[in-house]
Amino acid sequence: MSTTTTLAPVLSMTGVSKRFGAVQALKDIDFDVAAGEVVALVGDNGAGKSTLVKTIAGVYSPDGGRIVFDGSPVTITSPSQAQALGIATVFQDLALCDNLDVVGNLFLGNEVLRKRALDEVTMEQESWRLLRELSAKIPSVRIPVASLSGGQRQTVAIARSLLGAPKVVMLDEPTAALGVAQTAEVLNLVERLREKGLGVILISHNMSDVMAVADRVAVLRLGLNNGVFRVADTNSQEIIAAITGATTNAVTARAARRAPQEEQS
Amino acid sequence: MTTSQTPPSTDPTGAGPVPSDLQDERLIASQGIGGWASATWDRVRSGDLGSLPVVVGLVLIWGVFYALNPLFLSSRNLVNLTVQMVPIGVIAIGVVLVLLLGQIDLSVGSMSGLAGAVVAVLFVNQGLNIWVAIAAALVVGVATGLVYGMLFNRFGVPSFVITLAGLLVLLGLQIRTLGTDGTINLPFESGLVQFASQQFLPAALAYVLAVAVPAVYLLTRLNTDRRRSAAGLSAQPLATVALRAGLLTVLLLAATYVLNRDRGVSYMVVLFVVLVVVMDLVIRRTRWGRSVLAIGGNVEAARRAGINVKRVYLTVFTLCSTFAALGGVLAAGRLASANQSSGGADTNLNAIAAAVIGGTSLFGGRGSAYSALLGILVIFSISNGLALLSVSSDVRFVVTGAVLLLAVVIDSLSRRSRVAHGRA
Ligand SMILES: Nc1ncnc2c1ncn2[C@@H]1O[C@H](COP(=O)(O)OP(=O)(O)O)[C@@H](O)[C@H]1O
Ligand SMILES: [Mg+2]
């Protein structure tokens, strides 16, 4: 199951483990992503995907293992350190401040200053530029994010991660709350990030999305590596089998049941 | 997917390109003063009340007390009112800060009492320079806040428990500091007492300030609007800005006129208002202030945004205790004495109630430094008005308690309404 990438990884981790009390959320995980590559991270609910993302993002510190970023070993102890390295994250639980407006959330922790005071004009202008670039449909950037829809909040969170020129972008189920058009926008965006030479880690439950944009698919199952596939050499069935851990499973059984019915009608 | 790019939109009136923040077709156009008024009304209806309830409340309270005893609105009484409220008002500024973080400091009363005791002992008993004594009192405030912040960051104990313990410790220190005397009187000629009770702005200077402050406001607004227009963003209509500046001028001139008919505007009041304005700017316009609001809104989001959350907690607890110490120093100056009950009784609750009544939410992330000013005006209007009616302190406690309860209920209701209207 080893896959050789032609590109040097910008982020690679070996033997990373994380335990929450009695739950071994991650065990000996190997994972890497190269510059200009989209790696999809898939797995059932509770497989440990979000935990892996948060470990890379500095939210959790791993119990063991090695992380190499840009050629040098690093210990990521805080979210700000991850950001400083160039790792941007869109968390599954978006982590926006409901009481702040869109501009405030976009620039939180990276505010633009002018004479030591917040430069609201420049930040607002920049917000519009960024949101237009993402074709975001947000009526006003001066309303608290609490008043935005799920998809709009998602867009704000994604736009937020792109400020400050990251090298690696992690998106934890970015399309779960989105409509058809916005999902397509996010996938376009992922491709644009790849073209810009960023490493992208995309978590998604949607196999067609994964097959559409990813270069490789890494499967987690119950906190363990369960295979890495090149999208060019695989198909959805193979990946679903790795996710569920069996060749016959609920998904294939369902497909088999449906096939004869469709022939009858 | 290809979104059809909207053609460069133009103003329906044909006056040129629409600012980039007004291009979304779902935005309900609100232009001119009428638009501003209707937008404000919409905000209020959705539960974003801001300082509206307290302003309405203040007008009502003044009306009622004036009807019961016209002396309430006499210049003499209003000057008394402005001077009385300052020490606890200064304490309330610090309380606003901790509330914005979603925390609380229950020990501001005894902090102020201890600070008063330190000033009195060092200045009167030890014969030190008054400035040295004041500085020492403020240092005690800083140290107390640092301890709170470190305990909070290190052990994660809820702030109300830490500061409740602090309340007792500080009270003990206050009694010990005062020693056997129990009460220390500050000499009437000392600078602190003079400043806190005897010194007023020259009448002419007060009028100049009453005009200059709105002028500065107008100029900064116009400057911002110019930058916004240059950046392709919408600017507030000139009429709205001018109207606001005009209203502010009328308000300040009227207040100055009324106060100047008696002794005038006390230096201590000027100090208080300057502190409020400065803290308001710090909260709204600096990176640190933005961090405070962010932590009050969602501490995990703030942490993940790379904000040094612990440092913000530490600085806010420190500032709060320092404001409490400053309030205690001013109280000692105003009363020309420090004793065992300084900062006791209702000081603590009045300071906290002022912040909440003024419109700072107990739930964190929402409020402004101005709530210290507005809230303390309400509380001291009530106690001053009741005192004029020769009502005893038992009634005063009950009334102030009822007003506080009302403010908290309004806070909770408006929070619920904001959730329902998507402004939580
Ligand atoms: N903060 C936490 N504390 C305790 N257990 C956790 C925590 N976060 C995740 N877990 C556990 O770790 C496992 C993996 O969770 P998660 O990474 O969120 O899965 P996924 O994102 O793949 O659905 C789950 O069993 C979950 O209950
Ligand atoms: Mg998850």
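Chain naming here is simple, since letters A, B, ... match the order of the sequence lines and numbering starts at 1 in each. This is a predicted model, so every value here is computed, not measured.
- No other option in B:I307, B:N308, B:L281, B:T286 has as many heavy-atom pairs under 4.5 Å with chain A as B:T286.
- Under the 3.5 Å distance criterion, the side-chain polar atoms of A:R194 are matched with a main-chain donor or acceptor of A:V213.
- Neither the backbone nor the side chain of A:R129 comes within contact range of chain B, judged by heavy atoms closer than 4.5 Å.
- Looking at B:L293, both its backbone and its side chain come within 4.5 Å of chain A, counting heavy atoms on both sides.
- Proximity to chain B (any heavy atom under 4.5 Å) is shown, for A:Q125, by both the backbone and the side chain.
- Side chain of B:S368 to backbone of B:Y370: a donor-acceptor contact under 3.5 angstrom is found.
- The candidate with the highest count of non-hydrogen atom pairs below 4.5 Å against chain B, out of A:V59, A:V121, A:L118, is A:L118.
- Shortest non-hydrogen contact noted between A:C97 and B:A294 is SG-O, 3.4 Å.
- Contact of A:L96 with chain B is made through the backbone alone, with heavy-atom distances under 4.5 Å.
- Ring planes of B:Y313 and B:F152: tilted class, angle from 30 to 60°.
- With hydrogens and angles ignored, the 3.5 Å screen pairs no side-chain donor or acceptor of A:D119 with any backbone N or O of A:R114.
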